[in-house]
Amino acid sequence: MTDSQLGRFAEDCRLIRQVAPVVHNITNYVAMGMSANALLAVGASPLMSSEPDEMEEIATVASSLVINLGCLELRQIEAMKIAACAMQRLGKPWVLDPVGVGVSALRKKTALELIEKYHPAVIRGNASEIIALAGGDGNPRGVDSGDRSDLATDHAARLAKSYGSVVSVSGETDYITDGDTMVSLLGGSPMMPRVSAMGCTASAITAAFLAVDRDALGAASCAMALMGVAGETASEGCAGPATLAARFIDMLYSLDPESAAAKIRIV
Amino acid sequence: MTDSQLGRFAEDCRLIRQVAPVVHNITNYVAMGMSANALLAVGASPLMSSEPDEMEEIATVASSLVINLGCLELRQIEAMKIAACAMQRLGKPWVLDPVGVGVSALRKKTALELIEKYHPAVIRGNASEIIALAGGDGNPRGVDSGDRSDLATDHAARLAKSYGSVVSVSGETDYITDGDTMVSLLGGSPMMPRVSAMGCTASAITAAFLAVDRDALGAASCAMALMGVAGETASEGCAGPATLAARFIDMLYSLDPESAAAKIRIV
Amino acid sequence: MTDSQLGRFAEDCRLIRQVAPVVHNITNYVAMGMSANALLAVGASPLMSSEPDEMEEIATVASSLVINLGCLELRQIEAMKIAACAMQRLGKPWVLDPVGVGVSALRKKTALELIEKYHPAVIRGNASEIIALAGGDGNPRGVDSGDRSDLATDHAARLAKSYGSVVSVSGETDYITDGDTMVSLLGGSPMMPRVSAMGCTASAITAAFLAVDRDALGAASCAMALMGVAGETASEGCAGPATLAARFIDMLYSLDPESAAAKIRIV
């Protein structure tokens, strides 16, 4: 592994276990269990809350935040704004996961407002979501991607340049860019999209890396590298998606950072 | 297998994998993860949303809808009405799962209003729920059934005739009826009611079959047949309900439609 | 096993399976699936609802209630008050799980108001939560404990005396006290805090024991003993937290009450 964006992978993995950063999640009801378990498995301390009344207090104890639009409700939007604003004010990083942003005007409006006003460190989505967010003509099929990730690289770079956020596109190849540099990673398995909330989990893991590594391009790349290595190892000889999900969590918990680093496949 | 209602089983299974229909779920918080993973495992694309503001847009991309009263909240009811109304207007099928309908006046009123105004293609519940919905004197114990499914067949047939919906009763024997024809199926395992949200999952799977097969009696029968075969196979030598849940999802993902069809047990 | 508080362990386990008590949960979105599956595994019948409009009706069918502040929302508080008040009026026991009570003023205010007005039979939390609730200067790190459980025993005893509730502190050693007697239990595994919602599950299991055993100190002790035995057995040779979670549920379902009783480790 030579790419400089991934040079801190093993160290970051160890730091997460050592520091156990509190990662605040404003996320959807489907992803909550999986995200919490993945964050606990890597060594972070997840905290789930969408109550506007406690967003300021939580921002003081959290090291990073992930905002996920998966089950967007009007009443959540106020909490998202307060939380993102507080993190920005405190100089702490946050991740936006624009789940199904092509599905409704409400999701697109909310995503763009959050990006423009509160500057996420990282925007992580599937190809259809990134294309829709960049104003392109993707093929959103609900919350699953209808597009290959390599079709979203130009949109990702444009989005990154426009808003100053790192953009992370998951797919058969993962692409992570700040608008100038593009990191491309292989890994994972074709069975991963059959596990609910895998994408949301990638966003939560990205927030965990950001909590210990303020280089957003590096942190987002390390997160996707971890998803890829753990997913690929977990899927070997796997009977189906439920077994994969369980093995994936076990792998996040038990993996040796150096061995995992050696398996990262930069394209 | 000779019953005409199940003749399209293998073809429907393949169609779901091929078409990957978007199935919209307005469901309870307990069932969300399990329903999403089951829908992904059979090849469908689940979308969870209860925000009234995006119900119309989601109806345009969804092939079918399931409305589940498991954690009914007043604020959800508006979303349920808009979504069911939109599906009816677009000629798309939807499934009602009247979870715990005997528990509160709010659940019963909501269920009956949704049925009367927006005509679900299928109503799927356990025996106590179907009896309570039909105005009978069942033995609802919270959201679990206190009645055997064969005690609900008359209520199911009456309910089906009254409202023009197919009624699907799950239990040791599953009964599916349009008021005239009654399909009876054996399968599953006594451990299945010990897995949370198994009934809700049956409703979600029913919506997946309806997405590719507009014969409601046939689609509902195929869905229960799939639940029965996958549950029965998954439970062989099973250590407990968590192992059963994981194997069940793996089975939905990996099963061969023809082999599964051969295992359906029509009574 | 000689401690009188645990003498009814095996009998209570059998009673839960036999009676299948309805346990009402007003809980957080992360814990719902795990709590429901754990309750089903021990033989209880979980019912999840936070809708104020049906709290009174549910109180009439429920044998016990657990209120969990994990994802506290303003709109839930009304439901919590109605439900706790109804249980108190009906002479039925309820459990408070003050998740993350040190994180926000809203959580602390809500917890104290519920305790003072509606007198929970048991308050169950981790060390940081119990210390924060007792007005002490703990080290709350989000919702995970930053303190060892033996540092919370004085706070637990004081809290129990002040409010007349049994206080149950989970940790490497579990402590359960009514202010006079202190039960100390070993068990579980260091991997358990890496499984999301394990603490919430302990509270749900406590409510299941209270449903069949009105001696709150005994019921709370039996619940923690079951958590400890099942957790310890499940964790043997375990690959990681997802495997542990599944084995733990399977164990709750399959354990023999007498054999489990023999494994309880009173300090």
Side-chain angles (χ1 to χ4, degrees), chain B residues 27-37 48 68-77 99-110 126 128 132 139-146 190-201 235 237-247 249, chain C residues 17 19-63 71 73 75-76 78-79 195 204 230 234 242-255:
Chain B
T27 191
N28 70 73
Y29 305 115
V30 190
M32 281 207 183
M34 182 76 175
S35 294
N37 277 311
M48 269 70 184
N68 176 306
L69 306 186
C71 295
L72 185 63
E73 296 174 358
L74 283 176
R75 67 191 180 90
Q76 278 189 314
I77 297 175
V99 181
V101 72
V103 163
S104 77
L106 179 68
R107 291 184 194 222
K108 185 145 186 192
K109 179 169 163 278
T110 304
N126 63 37
S128 293
N139 178 27
R141 304 198 62 262
V143 299
D144 295 321
S145 189
M191 207 193 277
M192 286 175 86
R194 294 283 124 199
V195 178
S196 171
M198 257 307 173
C200 307
T201 301
S235 68
C238 217
T243 300
L244 173 56
R247 280 197 203 165
I249 294 289
Chain C
R17 288 177 182 172
V19 176
V22 173
V23 178
H24 178 200
N25 296 257
I26 302 180
T27 191
N28 69 73
Y29 306 114
V30 189
M32 281 206 184
M34 181 76 174
S35 294
N37 277 311
L39 286 170
L40 285 169
V42 296
S45 177
L47 195 166
M48 269 69 184
S49 170
S50 302
E51 170 49 48
D53 200 69
E54 60 182 20
M55 291 298 99
E56 291 280 355
E57 287 160 290
I58 289 176
T60 66
V61 299
S63 295
C71 294
E73 296 174 357
R75 67 190 180 90
Q76 278 189 315
E78 191 196 348
V195 178
T243 300
L244 173 56
R247 280 196 202 166
F248 174 77
I249 295 289
D250 286 353
M251 188 67 53
L252 292 180
Y253 173 83
S254 61
L255 63 72

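These values consider heavy atoms only, across backbone and side chains, with no hydrogens, waters or symmetry-generated copies. Each chain gets a letter, A, B and so on, in the order the sequences are listed, and its residues count up from 1.
- Residues B:A239 and C:D250 approach most closely at CB-OD2, 3.9 Å, considering heavy atoms.
- Both the backbone and the side chain of C:P46 come within contact range of chain B, each with at least one heavy atom under 4.5 Å from a heavy atom of that chain.
- Chain B forms more heavy-atom pairs under 4.5 Å with one residue of C:G33, C:A41, C:G43 than with any other, namely C:G43.
- Proximity to chain C (any heavy atom under 4.5 Å) is shown, for B:A105, by both the backbone and the side chain.
- For the side chain to side chain contact (heavy atoms under 4.5 Å, CB included) with B:E73, the lone residue among C:E54, C:Q76, C:E51 that qualifies is C:E51.
- At a 4.5 Å heavy-atom cutoff, the contact between B:L74 and chain C is made by backbone and side-chain atoms alike.
- Within the 4.5 Å cutoff, the side chain of B:L72 has no heavy atoms near those of the C:S49 side chain.
- Inter-residue side-chain proximity for C:L40 and B:D144 is flagged as met; some heavy-atom pair is nearer than 4.5 Å.
- For the set C:V23, C:L39, C:N37, C:D53, the entry with the most heavy-atom pairs within less than 4.5 Å of chain B is C:N37.
- Residues C:L47 and B:V103 form a side-chain contact, since some pair of their non-hydrogen atoms from C-beta on lies under 4.5 Å apart.
- Of all the listed residues (C:A79, C:A20, C:S254, C:A245), the one sharing the greatest number of non-hydrogen pairs under 4.5 Å with chain B is C:A20.
- For a residue to count as touching a neighbouring chain, one of its non-hydrogen atoms must lie under 4.5 Å from one of that chain's; by this rule C:R75 touches chain B with the side chain only.
- Between chain B and the options C:A246, C:S45, C:A31, the largest number of non-hydrogen pairs under 4.5 Å is found for C:S45.
- Looking at C:A44, the atoms closer than 4.5 Å to chain B (heavy atoms on both sides) all sit in the backbone: N, CA, C or O.
- Using a 4.5 Å heavy-atom threshold, the side chains of C:M32 and B:M32 count as separate.
- Of the inter-residue distances, the one linking C:E57 atom CD with B:K108 atom NZ reads 11.5 Å to the nearest 0.5 angstrom.
- Side-chain contact between C:I58 and B:S104 is absent, with no heavy atoms from C-beta onward closer than 4.5 Å.
- For the pair C:Y253/B:M191, a side-chain contact is recorded, criterion being any heavy-atom separation below 4.5 Å from C-beta on.
- Taking B:L106, B:V99, B:N28 one by one and counting their heavy-atom pairs under 4.5 Å with chain C, the maximum is reached by B:L106.
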